[in-house]
There are 2 protein chains.
Amino acid sequence: MLSKSCVYALRAIVYIGHNCSDTKKIGIKEIGEELELPFHFLSKILQRLVKHHIIQSTKGPHGGFYISEEAKQVNILRIIDIIDGLSFFEKCGLGLKECSETHPCPLHNDFKVFRDGLYHLFLKKTIADLVIKIEDGNAFISNLPQNK
Amino acid sequence: MLSKSCVYALRAIVYIGHNCSDTKKIGIKEIGEELELPFHFLSKILQRLVKHHIIQSTKGPHGGFYISEEAKQVNILRIIDIIDGLSFFEKCGLGLKECSETHPCPLHNDFKVFRDGLYHLFLKKTIADLVIKIEDGNAFISNLPQNK
DNA sequence: TAATAAAAAGACCTAAATATCTTTTATTAT
DNA sequence: ATAATAAAAGATATTTAGGTCTTTTTATTA
Ligand code: FES
Ligand code: FES
């Protein structure tokens with residue numbers, strides 16, 4: 001449903017949100033190692049997020065990525081839109097060219113419930129919501145060591 | 001979420017279920033034209049379904065594909081399993097290597113609701129259920145002509 | 001039994017997503 | 001100023017999904 005680029009983006013943002021501070025920026029190397037994501041591929045993704053002002057970066061020694069408190073309030077759907085676009089949430093689950101109430105596929109009514117539910121979930125969840133779960137120890141953004 | 005192969009398979013099966021009879025088998029050509037699916041690609045998919053005994057076929061003049069009433073009782077999840085596998089329903093929505101209750105990602109609890117809901121939807125829906133919707137005129141399996 | 005029709009099978013092609021490698025640019029510290 | 005560091009940018013490679021083309025096999029019917 002979400003592309004790899006997109007989940008890499010989300011996890012990287014959460015990692016940055018959790019680990020950066022006024023004095024500490026986070027390098028791609030560290031993110032890639034911690035989250036086990038491919039360095040250069042991740043770098044492209046982070047560039048896009050910077051361009052869209054979701055995160056910020058500085059070059060040079062002690063440079064890296066960071067995120068402001070305001071930016072942490074953006075919802076996840078926004079990230080999905082930037083990376084994948086929102087077509088998933090409009091598309092027919094059975095691949096008809098149009099998903100519509102007047103010409104529905106035989107899964108339309110049932111499928112719509114979940115598709116729209118996910119949409120609203122992603123709409124109301126912010127980056128900060130995810131970061132808090134990490135900080136409270138209620139969730140994790142890295143793999144379990146044994147699964148490495 | 002579902003691959004094109006998979007939704008092509010589902011729509012083709014429903015089309016066959018709706019149109020075939022004891023005396024009439026359905027050719028790939030007809031299915032491809034009606035559903036606007038690529039002929040040869042569709043042919044590969046139907047071959048797999050025949051191998052898995054979801055549909056049946058005969059070669060030669062007046063040959064084609066057909067489906068038995070019993071086979072119409074198989075659920076959609078079975079088709080998804082044959083074409084895509086079921087990994088989607090076990091995978092972490094944020095791409096962690098394992099989706100688990102003890103090491104959850106920050107979306108786990110919310111995401112699981114939809115992922116499991118879809119699972120159960122596909123588990124309880126049979127091909128016959130979809131065909132009935134077509135026959136009752138409550139749903140469609142072809143695109144609207146203007147979207148062709 | 002020959003011609004024909006249709007699926008099966010196999011080889012091949014294309015496009016998109018994912019991943020890597022190299023060079024450039026900006027920043028900081030010496 | 002210079003060297004070192006880190007992101008940005010650009011080029012290239014690999015993998016996978018999606019799609020096409022050709023040949024073979026099987027069944028029908030004239
Ligand atoms: S028409 Fe298929 S999901 Fe809406
Ligand atoms: S751990 Fe991410 S969905 Fe279960």
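Only this structure's heavy atoms are used, side chains among them; waters, hydrogens and symmetry mates stay out.
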Inset, instruction - Would you tell me if any nitrogen or oxygen in the side chain of A/Lys51 comes within less than 4.0 Å of OP1 or OP2 on D/dA9? - result: yes

Legend entry - Rounded distance in Å - CG (A/Leu2) to P (C/dT18): 11 Å

Inset, instruction - Using only side-chain N and O atoms of B/Gln47, determine if any of them is under 4.0 Å from OP1 or OP2 of C/dA7. - result: no

Inset, instruction - Counting heavy atoms from C-beta on, name the nucleotide in C/dA19, D/dA8, C/dT28 closest to the side chain of A/Pro61. - result: C/dT28

Legend entry - A/Leu42 CG to C/dA17 C1', straight-line distance once rounded to whole Å: 16 Å

Inset, instruction - Using a cut-off of strictly less than 4.0 Å, decide whether B/His62 has a side-chain nitrogen or oxygen near OP1 or OP2 of D/dA27. - result: no

Inset, instruction - Indicate whether any N or O donor in one side chain lies under 3.5 Å from an N or O acceptor in the other, for A/Thr126 and A/Asn75. - result: no

Legend entry - Nucleotide D/dG18, atom P - distance to CD1 of B/Ile83 in whole Å: 11 Å

Inset, instruction - Just say parallel, tilted or perpendicular for the rings of B/Phe114 and A/Phe114, cut-offs at 30° and 60°. - result: perpendicular

Inset, instruction - Could you pull out the closest heavy-atom pair between A/Ile31 and A/Leu42, with the gap in Å? - result: CG2-CD2, 3.7 Å

Inset, instruction - Determine: side-chain N/O of A/Tyr8 to OP1/OP2 of C/dT18, distance under 4.0 Å, yes or no. - result: no

Legend entry - Atom pair distance, as rounded to whole Å: NZ in B/Lys59 and P in D/dA27: 7 Å

Inset, instruction - Starting from P on D/dA6, measure out to CD1 on A/Ile31 and report it in whole angstrom. - result: 13 Å

Inset, instruction - For D/dA30, give its Watson-Crick or G-U wobble partner with both distances under 3.5 Å, or none. - result: C/dT1

Legend entry - Nearest-angstrom distance from the residue atom CZ of B/Arg48 to P of C/dA7: 19 Å

Legend entry - Non-hydrogen side-chain atoms of B/Phe65 and B/Leu49 separated by less than 4.5 Å: no

Legend entry - Sugar-phosphate, base or nothing in reach of A/His40, heavy atoms under 4.0 Å: base

Inset, instruction - Check the distance between D/dG19's P and B/Leu35's CG and give it to me in whole angstrom. - result: 14 Å

Inset, instruction - Select from A/Gly60 and A/Leu46 the residue whose nearest nucleotide in DNA chain D is closer to the 5' end of that strand. - result: A/Gly60

Legend entry - Verdict with reasoning, B/Glu90 to B/Arg115, per salt bridge (charged side-chain N to carboxylate O under 4.0 Å, His left out): CA-CA 8 Å; B/Glu90 296 156 8; B/Arg115 193 189 56 186; over 6 Å; no

Inset, instruction - Evaluate the side-chain proximity of A/Cys105 to B/Ile141: yes if any heavy-atom separation is below 4.5 Å, no if none is. - result: no

Inset, instruction - Round to the nearest Å and state the distance from A/Ile45 atom CD1 to C/dT20 atom C1'. - result: 13 Å

Inset, instruction - Go through residues 16-28 of chain A and report each residue with a non-hydrogen atom lying under 4.0 Å from DNA chain D, sorted by number. - result: A/Ile26, A/Gly27, A/Ile28

Legend entry - Which residue lies more 5' along DNA chain C, comparing B/Ser57 with A/Asp84 via nearest heavy atoms: B/Ser57

Inset, instruction - When you get a sec, tell me which of C/dT25, C/dT18, C/dT4 is the closest nucleotide to the side chain of A/Lys4? - result: C/dT18

Legend entry - Parallel, tilted or perpendicular, as decided by the 30° and 60° cut-offs, for the rings of A/Phe140 and B/His103: parallel

Inset, instruction - Determine the contact category for B/Phe65: base if any of its heavy atoms lies under 4.0 Å from a base atom, sugar-phosphate if only primed atoms, P, OP1 or OP2 are that close, otherwise nothing. - result: sugar-phosphate

Legend entry - Residue whose nearest DNA chain C nucleotide is more 5′ - B/Ser43 or A/Thr58: B/Ser43

Legend entry - Touch class at under 4.0 angstrom, heavy-atom based, for A/Lys44 against every strand present: base

Inset, instruction - Return yes if a side-chain donor-acceptor contact under 3.5 Å exists between A/Glu36 and A/Asn143, otherwise no. - result: yes

